[in-house]
Enquirer: 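This structure is in structure tokens; I'll ask about it shortly.
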Amino acid sequence: MHLLRDLNPGQQEAVTRVTGPVLVLAGAGSGKTRVLAHRIAYLLSAADARPHEILAVTFTNKAAGEMADRVRALVGSVASGIWMGTFHSICARILRIEGRRLGISPDFTIYDDRDQLLLIKQILSDLGLTKSRITPAAVLSRISWAKADLLSPEELAARGGSPYDKRLVDIYVEYENALRANNALDFDDLICMPVRLFKHHGDALRRFADRFKYILIDEYQDTNRAQYELVRLLSSSHRGVCAVGDDDQSIYRWRGADVTNLLNFERDFPEAAVVRLEQCYRSTKTILAASQAIIQRNIKRKDKNLWTGNPVGRKIMLSAVRDEQAEGEFVADMVSRLIGEEGKRLSDFVVLYRTNAQSRPMEDAFRRKAVPYVIVGGIKFYERKEIKDLIAYLRVLVNPRDSVSLSRIINVPHRGIGDVTFNRLRAFCNDRKISLSEGLTRVAEIEGLNSASRGKLVAFGDLLRGLREAMAGKSVEEIIKLVAERSGYMAYLQTLDRVESIARTENIGELVAGGYEFQDRSEEPTLEKFLEEVSLVMDIDLWDDRRDAVSLMTLHNAKGLEFPVVFIAGAEEGLIPHHTSFEDRAEMEEERRLFYVGMTRAKERLFISTAAGRRGFKGWMPQIVSRFVEDIPEEYLEILTLSDERYAPEEERNEPQPDWGEEKVVRIGTLVRHEEWGTGRVVGCEGYGKQLRLTVKFGGGRVKRLLARYANLEFPEDM
DNA sequence: TACATTGCGATCCGT
DNA sequence: TCGCAATGTA
């Protein structure tokens, strides 16, 4: 049949094995997205599956959309009715249907980490812990880990421990109470609440477990304990799980993901069929071989045997540059050059980096060189202040119990309600265990307020009530406009300086447009759904891959994507591997996987750049080449010489810049000693500082080109 | 009591 | 570079 025509035997098995659990171990570029789409199409057309019996979990919302398109292209509109989305969006959907059983009303608010942090700060201050060494961020991270591991405060307490841990449990308890009182869920709740629901309400579990005969999960290596438990429960009736993943691409351990979910699949589902996809359709032989050489140095991994029928292709280009500015210029120049010489298009390129902070100098260079680019991530649209403010209004209108959003807007724009007045209101509400919104209807009872403050609170309460009445029957777009006007926010923006005012007004216009677009596209265009979507969008979801521009993103965001030409910027110790991973073997292995993920995004060409130093917040910092670069076998590597006049002015070519203090200046003729090759004489020298590339003639006439880390070479005095 | 300013500290990856 | 907390001023 046509669905199987273009698939290799392994892929065919992964598609057609429709009874019982299946584990697909899919190497980078082995066509797993294709397999998933074809499997769904096969289920619908050949296995008599009904759309509503299928649940497909993808890693991003964007991937879900693309999957739906592919399935539709294969089998037509039968595809609608399939539940497809991220764990978080699917769980939100489950909770809106069945959450009431856990006391979660369907108009719940989803708190992001900023909201969580505000809540925890309030709790710390209520518990009188503001002066302790307990920081809100540390608390949040510990609570989040506990939740991802499905540990309740009681269970966490049972693990016992230090006085700090006991305090932590107290805060955790209060935090959970506050979330419930606010009718709010954090990201972890979205997953653990359905698990709790299914564990305590057998009929709710049966409703979903009976329904979903076929469950497909992409990127299974990056699921956490709670997600694993959810899959186990949902598959308890039919055991029709198809998990797809690659342990070498597990890069979210730091967020609680646990690769043993993948490694133990066969233990959890003993009857599972295991399919290995080892043919790589994406990369050249060179890129594949180099990436394998790097990932094979990890100890905790399943061995695999990836191969490709693709051509050998060009070598991987390594370029050593002076600093982040030169790096940006190098990349922008190389893009122009490849467009001119090889007919590449802008959208063929991606620049990958470890940290978002690296995007700035890169952007600057692209702007200077007039190379169009799109940036993924960084400051999210929905995190801009004016957007968060307006969203907070909308949240309070939908969910009056949301105290975090209410505290955000009670004095924005300024209405003369300061800390003192607000804290009186808060104390009043805490005493009576009522929400801030309810407190606003009982201002007369609050003690110790002067009449002016009282009047301001009443006015704010009236504003909310007025908005709630006025929004009835209106569209999302109209509601946003209404709120922006009546809250005084638009007027407030006019008071800012010109540039600021225009930019922010434009952003609000964009939010209104977003509301309109949502209205147009959504099957269920309610304000609740809009807010959910806004809370769950990911940076990568907003990326327009058809735009004619170079893409800039973090290595994490590049997961699942591919590009003809990939640049990995900042291949330096401290960046990748990131300095926070130096002390921990497991974290270091994750950094290596991250680098591996970056390399394997490339189809044809891979460029890696490494700077001699960077300007951080504390001035100039010399950098050292990443160990991962040094692990690439020389045969796959070509060192792009900076003697190319485009990248280094004449006077900088042979004379390393002694910019970095007491570092050695190496000149032609300098004697060096290497522990393996003995003493030699420098005959050539390019690059800068620690990025210096030396051509050294050793005793016995052996000539070596070294990407010299000074650490590897000794410089005997006065020789 | 509300709001502006200054200064300091942190600063990876992100649902 | 940025957000936020402590401090100063109306």
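Numbered from 1 within each chain, the chains take letters A, B, ... in sequence-line order.
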Enquirer: Establish, with yes or no, whether the OP1 or OP2 oxygen of B:dG14 is under 4.0 angstrom from a side-chain nitrogen or oxygen of A:Arg253.
Expert: no

Enquirer: May I ask whether A:His578 stacks on the base of B:dC12, given the cut-offs of 5.5 Å between ring centres and 30° between planes?
Expert: yes

Enquirer: Provide, to the nearest angstrom, the distance between the NE2 atom belonging to A:His579 and the P atom belonging to B:dA10.
Expert: 13 Å

Enquirer: Answer yes or no: does a side-chain N or O of A:Thr554 lie under 4.0 Å from OP1 or OP2 of B:dG14?
Expert: yes

Enquirer: Are the ring of A:Trp254 and the six-membered base ring of B:dC13 within the stacking cut-offs of under 5.5 Å and under 30°?
Expert: yes

Enquirer: With a cut-off of less than 4.0 Å, is there a side-chain N or O of A:Lys121 near OP1 or OP2 of C:dA5?
Expert: yes

Enquirer: Check this one for me: any side-chain N or O of A:Asn61 less than 4.0 Å away from OP1 or OP2 of B:dT15?
Expert: no

Enquirer: Which atoms form the tightest heavy-atom contact between A:Glu447 and A:Arg424, and what is the distance?
Expert: O-CD, 3.6 Å

Enquirer: More than 12 heavy atoms of other residues, nucleotides or ligands under 6.0 Å from NZ of A:Lys385: yes or no?
Expert: yes

Enquirer: Within less than 4.0 Å of OP1 or OP2 of B:dA2, is there a side-chain N or O belonging to A:Thr421?
Expert: yes

Enquirer: Please state whether the phosphate of B:dT1, meaning OP1 or OP2, lies under 4.0 angstrom from any side-chain nitrogen or oxygen of A:Arg424.
Expert: yes

Enquirer: Would you classify A:Asp419 as touching base, sugar-phosphate or nothing, given that sugar-phosphate means primed atoms plus P, OP1 and OP2, and contacts are heavy atoms under 4.0 Å?
Expert: sugar-phosphate

Enquirer: Expressed as a whole number of angstroms, how long is the span from A:Arg408:CZ to C:dC4:C1'?
Expert: 13 Å

Enquirer: Looking at A:Asn557, does any N or O in its side chain come under 4.0 Å of the phosphate oxygens OP1/OP2 on B:dC13?
Expert: no

Enquirer: Is it the case that A:Lys529 places NZ or CZ above or below the six-membered ring of A:Phe518, under 6.0 angstrom from the centre and within 45 degrees of the axis?
Expert: no

Enquirer: Between A:Asn356 and B:dG14, is there a contact of a side-chain N or O with OP1 or OP2 at under 4.0 Å?
Expert: yes

